[in-house]
Chemist: 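Once you've had a glance at the structure underneath, I'll fire off some questions.
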Number of protein chains: 2
Amino acid sequence: MENNPSYDTILSQIGCKNTKSRKIIIEVLTKTEVPLSAEEIFLNVKESGSSTNLSTVYRTLDLLESKGMLDKYIMSDGRARYKLALEGHKHHITCINCYKSIPINTCPIESLEKDLVNTTDFNITGHKLEVYGLCPKCRKGE
Amino acid sequence: MENNPSYDTILSQIGCKNTKSRKIIIEVLTKTEVPLSAEEIFLNVKESGSSTNLSTVYRTLDLLESKGMLDKYIMSDGRARYKLALEGHKHHITCINCYKSIPINTCPIESLEKDLVNTTDFNITGHKLEVYGLCPKCRKGE
DNA sequence: CTGTCTGCAAAACGTTTGCATGGCG
DNA sequence: CGCCATGCAAACGTTTTGCAGACAG
């Protein structure tokens, strides 16, 4: 793994120590379009020649999520998958077969929320939108 | 529990045996507006004076879900909650404190899906939209 | 009577935690 | 040097499974 200075910057910005594990985990996350499970991240780190521990992966993911750097998605199988939270990419369309996910730029809920405040009297704190489907590659494979 | 004939009908319609456990579980589900976890369903059944087994609850829920009678929501804590799938109620706004959830009648995604087919080349199979907030009661309580 | 369903107990699963050690700043 | 982060192993809570017996049709 290259010693990408931006990872250091990110980590110090959020007030955390710059450890080897954290840098590799962030690197793995930057290199994928697919939201990865904790175990997949763990395996990717191993394949890249480094070593880490699954607990460390979980702890790092919790850390990054708490800092808002990471989006955590709980998939229909109950497992969590993680993807770096890049600016403005709030929603995704995700392949139900290979988990490849690409961002949706428009958010159709914002306008809906205003209606909901009036009709339901809920104090809306957030929303989750996920669209599922088969990506071109997986559609051909079956 | 009353011997509501509609439960029998439902069960025979989907080609399953009409057992006591299944009827009570369905009854519990019909009597709640809040999506329940498996354990909560199990406890509700017990409170209603009947006995059942947590495995049976899970198996019944799987059955009902596979027949499309039940919607399964995986909450942010990773636990699943279940709610009867009544006609047309596809999306909900859910209280993050008490889990009370009420249906949203409009589905803003349908129009979005057409765009997505063109822009992403995914074969869209479904979507999930959940809006979270604090219900009036829980908002006052804090 | 036959095949499905249930209860029980144990396993499996992803995830979390306690504790002693290691290493960043 | 002090404290934060790590590795390990064991615990955790939810869900699943195998099996023998019970029950609906």
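Just so we're on the same page: letters track the sequence lines, and every chain starts at 1. Note that this is a predicted model, so its numbers are computed, not measured.
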Chemist: Counting only side-chain heavy atoms from C-beta out, which of D:dA24, C:dG14, C:dG7 sits nearest to B:T19?
Modeler: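 Among the listed nucleotides, the one closest to the side chain of B:T19 is D:dA24.
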Chemist: What is the distance, to the nearest angstrom, from the NZ atom on B:K20 to the P atom on D:dG25?
Modeler: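 Taking NZ of B:K20 and P of D:dG25, I get 15 Å after rounding.
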Chemist: Could you check whether B:K23 pairs with B:E27 (Lys NZ or Arg NE/NH1/NH2 to Asp/Glu carboxylate O, under 4.0 Å)?
Modeler: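 Salt bridge between B:K23 and B:E27, a charged N being under 4.0 Å from a carboxylate O: no.
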Chemist: Measure the distance from CG on B:L54 to C1' on D:dT15 and round it to the nearest whole Å.
Modeler: 8 Å
Chemist: Could you tell me the separation between the CG atom of A:L43 and the P atom of C:dG14, rounded to a whole number of Å?
Modeler: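 For the pair A:L43 CG and C:dG14 P, the rounded distance is 11 Å.
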Chemist: Below the 4.0 Å mark, does D:dA5 have OP1 or OP2 next to a side-chain nitrogen or oxygen of A:S21?
Modeler: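 Answer is no, no contact under 4.0 Å.
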Chemist: Apply the salt bridge (charged side-chain N to carboxylate O under 4.0 Å, His left out) test between B:R81 and each candidate in B:E40, B:E39, B:E65; give the one that qualifies.
Modeler: B:E40
Chemist: Under 3.5 Å, is there a donor-acceptor pair linking the side chains of A:T56 and A:S21?
Modeler: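 Not at all, the side chains of A:T56 and A:S21 share no donor-acceptor pair under 3.5 Å.
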Chemist: Just the rounded figure in Å: distance from P of C:dG14 to OH of A:Y82.
Modeler: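 Nearest whole value for this atom pair: 12 Å.
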Chemist: From C:dA9, D:dT15, C:dC24, pick the nucleotide closest to the side chain of B:S55?
Modeler: C:dA9
Chemist: What's the closest nucleotide to the side chain of A:K17 if the choices are D:dG25, C:dG23, D:dT16?
Modeler: C:dG23
Chemist: Let me know the distance between NZ of A:K67 and P of D:dA5, rounded to the nearest Å.
Modeler: 9 Å
Chemist: With respect to the side chain of B:Y58, which nucleotide from D:dT16, C:dT15, D:dG25 is positioned closest?
Modeler: D:dT16
Chemist: If you check every side-chain atom of B:R59, which of C:dC5, D:dT15, C:dC8 has the closest atom?
Modeler: C:dC8
Chemist: Might you work through the ring pair (Phe, Tyr, Trp, His ring centres under 6.0 Å) test for B:H127 and B:H91, ending with a clear yes or no?
Modeler: CA-CA 10 Å; B:H127 63 264; B:H91 304 303; 5.0 Å; yes
Chemist: According to a hydrophobic-cluster definition based on side-chain heavy atoms being under 4.5 Å apart (Ile, Leu, Val, Met, Phe, Trp, Tyr only), do A:L54 and A:L63 belong together?
Modeler: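 No, A:L54 does not connect to A:L63 through the hydrophobic network.
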Chemist: Any idea which of C:dT15, C:dT6, D:dT14 is nearest the B:T60 side chain?
Modeler: C:dT6
Chemist: Measure from CZ on B:F42 to C1' on C:dC8 and round the result to the nearest Å.
Modeler: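 In whole Å, C:dC8 C1' and B:F42 CZ are 12 Å from each other.
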Chemist: Over how many whole Å does the gap from A:L63 atom CG to C:dT17 atom C1' extend?
Modeler: 17 Å
Chemist: Reckon B:T52 has a side-chain N or O less than 4.0 Å from the OP1 or OP2 of C:dG7?
Modeler: yes
Chemist: Starting at the 5' end of DNA chain D, which residue's closest nucleotide do you reach first, B:S37 or A:R22?
Modeler: A:R22
Chemist: Mind calculating the distance between CG (A:N53) and P (C:dT21) to the nearest angstrom?
Modeler: 17 Å
